[in-house]
Amino acid sequence: MGGIIGPLDSPILNLVAIVILSRGNCGLSTCTTRYLVAMAMGDLLVIITGVILFKISYYYFPGSFLEIGPVCSVIAALKRAASDCSVWFTVTFTFDRFVAIRCQKLKTTYCTKKVAAVILITTCILLCLENVPFYFVFEPGQITDNVAWLCYPSKSFLTEPGWVVFGQFDVVLTPLLPFTVILFLNSLTVRHILVASQVRKGLRGQSKGPSRNDPEMESRRKSVILLFSISGSFILLWLLYAMQLAYYIIVGKDPRDANDSEYIFLEVGWMLMNLSCCTNTFIYGATQSRFREQLKSMVKYPFTTIIQLMSK
């Protein structure tokens, strides 16, 4: 049962992050908080659909209703939609921070909780619609007593031109395009910060003089640390999986025909991709002091409550 501990811990961590961030006591703007909560919810859905319902049910509860063909296809489509949402919520967060740091005129109208809600909801709806066709991609793995069990990508998905184009579009949409957008926006953000830092030092007479605290630059520094930690972790942990997706689509090879080495790399890539859904809570704790304080208060709360009741 040791293999279940990790997957079951991750939903708890994401739930803790959602609760703490939703309270709005972490010193973050309401706009940033909404993006972070959405990312935590997206990660939670990935773990539920992709790990608990898809993998754990297959290995630990074989023959359950989750393995019935249509149910399996629904879970597979939901898993892909959840993964896409998790990825693109990271992109929307990156763009929001880019606007907040680099586009001061646009910041006042774009970086608001209302705009954040509209963007997140629209992104979620569009990605869910884009993944509807994946329900029809799968075919039963076996048929027993006229009941279809399990689901695997059909051969037509890799051979018919329409499905091949759709598969290539899906790989570009997630995660190749997000990789490009995140790297591009982060490079522009770094460039802007370096230039702005030199300008502010010159204006404050710090080019050659002793250093003095600059609240605005300190705020930007913390924002950039959070941004780069999240986007950098996402790129590193998704990289192997993205390369494998591109490989199978380009060569038109069925993953079920993979040799032992390819299968190992496929599983490692899948593991790292799902690990990316478990890291954000640790990133918040490592980069945000107020998040750590809220986490400590949450952990201490049951014990302090018990002590207060006992003292009465």
Aromatic Trp163 / basic Lys155 pairing, under 6.0 angstrom, 45° off normal
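No cation-pi geometry.
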Any side-chain heavy atom of [X] within less than 4.5 Å of one from [Y]?
| X | Y | value |
| --- | --- | --- |
| Arg292 | Ser289 | yes |
| Thr112 | Cys31 | no |
| Trp88 | Leu127 | yes |

Just by distance, with hydrogens left out, do [X] and [Y] show a side-chain donor and acceptor under 3.5 Å apart?
| X | Y | value |
| --- | --- | --- |
| Ser231 | Asn186 | yes |
| Arg80 | Thr174 | no |
| Thr279 | Ser233 | yes |

Quick check on the hydrophobic clustering: are [X] and [Y] connected, directly or via other members, by side-chain heavy-atom contacts under 4.5 Å?
| X | Y | value |
| --- | --- | --- |
| Phe228 | Leu236 | no |
| Ile12 | Val19 | yes |
| Val171 | Val46 | no |
| Trp238 | Phe54 | yes |
| Met243 | Val181 | yes |

How long is the straight-line distance from [atom2] of [Y] back to [atom1] of [X], given to the nearest 0.5 Å?
| X | Y | atom1 | atom2 | value |
| --- | --- | --- | --- | --- |
| Cys124 | Leu129 | SG | CG | 9.5 Å |
| Glu139 | Phe157 | CD | CZ | 12.0 Å |
| Gln168 | Leu173 | CD | CG | 13.5 Å |
| Phe169 | Leu177 | CZ | CG | 9.0 Å |
| Ser64 | Leu53 | OG | CG | 9.5 Å |

Any chance the SG atoms on Cys72 and Cys151 come in under 2.5 Å?
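A disulfide, yes.
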Would one find more than 12 heavy atoms of other residues, nucleotides or ligands at under 6.0 Å from atom NZ of Lys107?
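No, the 6.0 Å shell around NZ holds no more than 12 heavy atoms from other groups.
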Give the intermediate values and the outcome of ring-ring contact (aromatic ring centres under 6.0 Å, His included) for residues Phe179 and Phe234.
CA-CA 9 Å; Phe179 277 13; Phe234 158 72; 5.5 Å; yes
Walk me through it: do Phe166 and Phe134 pass the test ring-ring contact (aromatic ring centres under 6.0 Å, His included)?
CA-CA 10 Å; Phe166 176 75; Phe134 276 106; 5.0 Å; yes
Restricting to side-chain hydrogen bond (donor to acceptor under 3.5 Å, both in side chains), what partner residues turn up for Arg34, sequence neighbours left out?
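Not a single residue meets the side-chain hydrogen bond (donor to acceptor under 3.5 Å, both in side chains) criterion with Arg34.
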Going by the rule ring pair (Phe, Tyr, Trp, His ring centres under 6.0 Å), which residues pair with Tyr284 if we only count those two or more places apart in sequence or in a different chain?
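With neighbours one apart ignored, the set is Phe291.
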